[in-house]
Amino acid sequence: MESDKDAYQQVLLLLSEKRTAHTTLRTGIAVAVLPLTVLSFLIVMSSHYSLPDNALLLTLVIIGCCLFIALGTFLVLRGLMQIHFYDKRMGALMSRHKEIRGLFFRGIFARQTDAFK
């Protein structure tokens with residue numbers, strides 16, 4: 001049987017890992033939105049260049065934008081999966097230790113027995 005001190009240390013570790021997962025999620029959103037800025041700029045500046053003359057360059061830019069969207073989507077999905085994993089681990093830890101369960105906000109409408117399941 002693990003002690004309360006060990007359980008608190010595990011909660012601190014899980015919370016720090018969850019914070020890292022949130023950072024991954026935030027980075028993924030920023031990377032996925034970056035191509036929108038580039039494409040908006042290209043649309044605004046479209047009167048200053050001709051499409052047939054710059055077709056190769058525009059194709060490369062669009063391929064780069066697709067790669068950024070793919071990377072951003074990967075980071076968002078990875079962050080969401082990590083957050084879900086750490087929430088499940090935290091729920092299991094809280095079900096074993098009632099003292100830890102009292103430390104977290106359970107929501108306005110949540111019953112005390114249904115918290116973090």
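The figures here come from the full heavy-atom set of this structure, side chains too, leaving out hydrogens, waters and symmetry mates.
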Residues 26-48, side-chain donor-acceptor partners within the protein, below 3.5 Å, at least two apart:
residue	atom	partner	partner atom	Å
Thr27	OG1	Thr23	O	2.9
Ser40	OG	Leu36	O	2.7
Ser46	OG	Ile43	O	2.9

Worksheet entry | Closest contact, heavy atoms only, Arg101 versus Met94 | NH2-O, 3.2 Å
Which atom pairs, one a donor and one an acceptor, fall under 3.5 Å between side chains of residues 14-21 and the rest of the protein, sequence neighbours left out?
residue	atom	partner	partner atom	Å
Ser16	OG	Leu12	O	3.4
Ser16	OG	Leu13	O	2.8
Glu17	OE1	Tyr86	OH	3.4
Lys18	NZ	Asp87	OD1	2.6
Thr20	OG1	Ser16	O	3.1

Response to the item:
In short, His97 meets Ser3 closest at the heavy-atom pair CE1-O, 4.1 Å
Fill in: Gap between atom CD of Gln82 and atom NE2 of His22 - 0.5 Å precision
11.0 Å
Exercise answer: donor-acceptor pairs, residues 56-76 side-chain atoms, under 3.5 Å, sequence neighbours excluded:
residue	atom	partner	partner atom	Å
Thr59	OG1	Ala55	O	2.6
Thr73	OG1	Ile69	O	2.7

